[in-house]
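Inspection log for the structure reproduced underneath, given as structure tokens.
Quick caveat: nothing in here was measured; it's all calculated off a predicted structure. Numbers restart at 1 for each chain; the letters A, B, ... are given by sequence-line order, proteins then strands.
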Number of protein chains: 2
Amino acid sequence: MSLRCAILTALVERPSTGRELTRRFDSSIGYFWHATHQQIYRELGNMADDGLIQPHASQLKGRGAPRCYEITETGEEHLRTWVHSGQEPVTVKDPLLVRLRAAAVLGGIDMREQVQQHLDYHRSLLETYRSIEERDFSRLPGTQRERVQYLILRAGIDTELSWANWCAKALEQLGTEQTRRHP
Amino acid sequence: MSLRCAILTALVERPSTGRELTRRFDSSIGYFWHATHQQIYRELGNMADDGLIQPHASQLKGRGAPRCYEITETGEEHLRTWVHSGQEPVTVKDPLLVRLRAAAVLGGIDMREQVQQHLDYHRSLLETYRSIEERDFSRLPGTQRERVQYLILRAGIDTELSWANWCAKALEQLGTEQTRRHP
DNA sequence: ATTACCATGTAAGTAGTTACATGATTGT
DNA sequence: ACAATCATGTAACTACTTACATGGTAAT
């Protein structure tokens, strides 16, 4: 449901082809809802069948031809209803923490490199977010819509900051644990 | 793979029945990897087929009888290999942020109640973590294994704290946006 | 014309969710 | 004996991942 509605939201912002949506899910939208092009094309097909979107009434040719979709009134209604509906159950999934616990239980496994990789990843994502922040939101206040988009970006920044700090702390501890610099 | 290895880790800690594992996934393990009892029983069956675990050689009766599983050497080897293997691609999924963006794009939707519910949820989880922290990790340092488990708990605390703060900030902004207390 | 890349898909396999079924145990 | 609950599952469905296929367009 969330993928469907994330796509609908993107199409309200502006009509797009599958390829364009894929690119948008690789950058902005993908920062809070990840999706591959296979998911997107399939969902576009399903939504067209359900009448939530329709191909732009211009060029519609064969297989390899770009098809630009726009949202229908039914689609907007669907999106509006979903936005108001209660939230789904939270399902936490963090493989790194599973690995850490496994390593602690098995014993004798050095996890510093993996934590370091995560630290690098979170720092790099944080940097990306910071540059978006500077580029798009440096002069406040802006419209209400812009301010909410800034809020969403802040969620990403806060999350990455929190994880980067945690990784640094973890590295510190794993370091003193296993290398015994000052025995 | 992560579910499989989360279960294997739990079984290294101590042999358990499906029911016990389900309970453990409802509390401690579930704080960083969520799973339902249906997933767990199916995975237990698959892993037994693959020789990674075996039922304790005590009472094995019919359908409704509890079966206590323990990890095999093959299973431990499998877990050890997985722990060392590189991490899987991160797939972010946050329905609240999707809803927020949709609401901003559609316009005229008050999201404060939903954000408030999230705030309540994160605060309550934070409180749970804090009480575990006090109960299990108040006197440091403890063994290396305990310290890693504390690190994992800290990840949860940091995450919830970060989200709670973000929700509070968001509420503040959505409040001034939409109620116009000082026009 | 060939190569490279763009855009749209298909197929098979894996993982997760929801709803339901059945045997065992416990309390009254 | 019966109901409630515990424990273990099955089945059908939905979502996601991975690998591959096909047609279209542009550069050389």
key: Listed partners of B:Gln38 passing side-chain hydrogen bond (donor to acceptor under 3.5 Å, both in side chains), at least two apart   =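 Partners of B:Gln38 under the side-chain hydrogen bond (donor to acceptor under 3.5 Å, both in side chains) test: B:Thr36.
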request  = Can you sort out the partners of B:Thr91 under side-chain hydrogen bond (donor to acceptor under 3.5 Å, both in side chains), two or more places apart, ordered by chain and number?
outcome  =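 B:Thr91 satisfies side-chain hydrogen bond (donor to acceptor under 3.5 Å, both in side chains) with no residue once adjacent residues are dropped.
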If I take atom [atom1] in residue [X] and atom [atom2] in nucleotide [N], what distance separates them, rounded to the nearest angstrom?
X	N	atom1	atom2	value
B:Leu44	D:dT8	CG	P	9 Å
A:Asn46	C:dT8	CG	C1'	15 Å
A:Met47	C:dG9	CE	P	13 Å
B:Asp49	D:dG9	CG	C1'	14 Å
A:His37	D:dA19	NE2	C1'	10 Å

task = Not counting sequence neighbours, list each pair that qualifies as a side chain to side chain donor-acceptor pair (under 3.5 Å) and has a residue in residues 15-26 of chain A.
result =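 Side chain to side chain donor-acceptor pair (under 3.5 Å) check on residues 15-26 of chain A returns A:Glu13-A:Arg24, A:Ser16-A:Arg24.
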request  = Tell me, please, which residues at least two apart from B:Tyr31 pass ring-ring contact (aromatic ring centres under 6.0 Å, His included).
outcome  =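 Applying ring-ring contact (aromatic ring centres under 6.0 Å, His included) to B:Tyr31 gives B:Tyr129.
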ask   = Does A:Trp166 have any ring-ring contact (aromatic ring centres under 6.0 Å, His included) partners at least two apart in sequence or in another chain, and if so, which?
value =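 ring-ring contact (aromatic ring centres under 6.0 Å, His included) list for A:Trp166, sorted by chain: A:Trp163.
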message = Per the ring pair (Phe, Tyr, Trp, His ring centres under 6.0 Å) rule, what does the pair list look like for residues 98-118 of chain B, sequence neighbours excluded?
response =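 As it turns out, the ring pair (Phe, Tyr, Trp, His ring centres under 6.0 Å) pairs with a partner in residues 98-118 of chain B, which skip direct neighbours, are B:His118-B:His122.
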message = B:Lys93: which residues meet the salt bridge (charged side-chain N to carboxylate O under 4.0 Å, His left out) condition with it, sequence neighbours left out?
response =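 Salt bridge (charged side-chain N to carboxylate O under 4.0 Å, His left out) check on B:Lys93 returns nothing, list empty.
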Filtered N/O pairs between nucleotides 14-17 of chain C and protein, under 3.5 Å:
residue : atom : partner : partner atom : Å
C:dA15  : OP1  : B:Met1  : N            : 3.2
C:dG16  : OP1  : A:Lys93 : NZ           : 3.2
C:dG16  : OP2  : B:Gln39 : NE2          : 3.3
C:dG16  : N7   : B:Arg42 : NH2          : 2.9
C:dG16  : O6   : B:Arg42 : NH1          : 3.2
C:dT17  : OP2  : B:Gln39 : OE1          : 3.1
C:dT17  : O4   : B:Arg42 : NH2          : 3.4

request  = Check whether any side-chain nitrogen or oxygen of A:Arg4 sits under 4.0 Å from OP1 or OP2 of D:dA15, and answer yes or no.
outcome  =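 So the side-chain polar atoms of A:Arg4 never come under 4.0 Å of the phosphate oxygens OP1 or OP2 of D:dA15.
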key: N/O (side chain, A:Tyr41) to phosphate O (OP1/OP2, C:dG9) under 4.0 Å   =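 The answer is no; no side-chain N or O of A:Tyr41 sits under 4.0 Å from OP1 or OP2.
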inquiry  = Using a 4.0 Å cut-off on heavy atoms, which residues in residues 12-25 of chain B reach DNA chain D? List them by number, or say none.
reply    =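 Close to the strand are B:Thr17, B:Gly18, B:Arg19, B:Arg23.
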ask   = Will you find, in the side chains of A:Tyr121 and A:Glu160, an N or O donor that is under 3.5 Å from an N or O acceptor?
value =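 Their side chains do not contain a donor-acceptor pair, so the 3.5 Å distance test is not met.
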